[in-house]
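Here's the structure, in structure tokens; my notes come after.
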Amino acid sequence: DGRADRGGRTAACGGKRGKGGGSSTRRSLASRLVKRRVGTPKSEFGVEALGSYAGVVTRASGMHVQVLFDEDQQRYWFPADRVQHWLVSLDAGDDLQPRPSKTRTRRCSTAL
């Protein structure tokens, strides 16, 4: 699995997190994504294989959201307008609550 072996690489999120300058529409979008299930494309982590990593949006800040990944409990920040395209349909019994963990939070960067 490429993401598990990323060796210091971070998600290429296409932008840096900043304060201000965002529209209320985008902030509203970020808030609406909290607790939603997503399938983040492997390409976001520089992995050329098809497929995605399952996770849940746990926090929103400005125009960005934090995704907690099921596989390794790592957290990464992404622009909300990109994450909205990764939403997955839910089974009736799917648990949307984030799992508690003691992992570090990482901010995505464009460096690979």
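Keep in mind that the numbers below use all heavy atoms, side chains included, and drop hydrogens, waters and symmetry copies.
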With side-chain contact (heavy atoms from CB on, under 4.5 Å) as the test, would you mind laying out the steps for L68 and Q73 before giving the verdict?
CA-CA 6 Å; L68 171 64; Q73 298 299 295; 3.9 Å; yes
Once rounded to the nearest 0.5 Å, what's the spacing between atom CD of E44 and atom CH2 of W86?
4.0 Å
Nearest heavy-atom approach of V34 to R59 is CG2-C, 3.9 Å
On a heavy-atom basis, the closest approach of A30 and A60 is O-CB, 3.5 Å
Look up atom NE2 in H64 and atom CZ in F78, then write down how far apart they are to the nearest 0.5 Å.
10.5 Å
Distance in Å, F69 CZ paired with T58 OG1, rounded so as to fall on 0.5 Å steps
10.0 Å
side-chain contact (heavy atoms from CB on, under 4.5 Å) test vs Y53 passes for just one of V38, V67, D72, V47, namely V47
Would you give the length of the straight line joining atom CZ of R32 to atom CG of L87, rounded to the nearest 0.5 angstrom?
10.5 Å
In terms of heavy-atom contacts, V57 and V83 come closest through CG2-CG1, 4.0 Å
Worked check of side-chain contact (heavy atoms from CB on, under 4.5 Å) between D70 and R37:
CA-CA 10 Å; D70 298 345; R37 301 279 311 160; 2.5 Å; yes
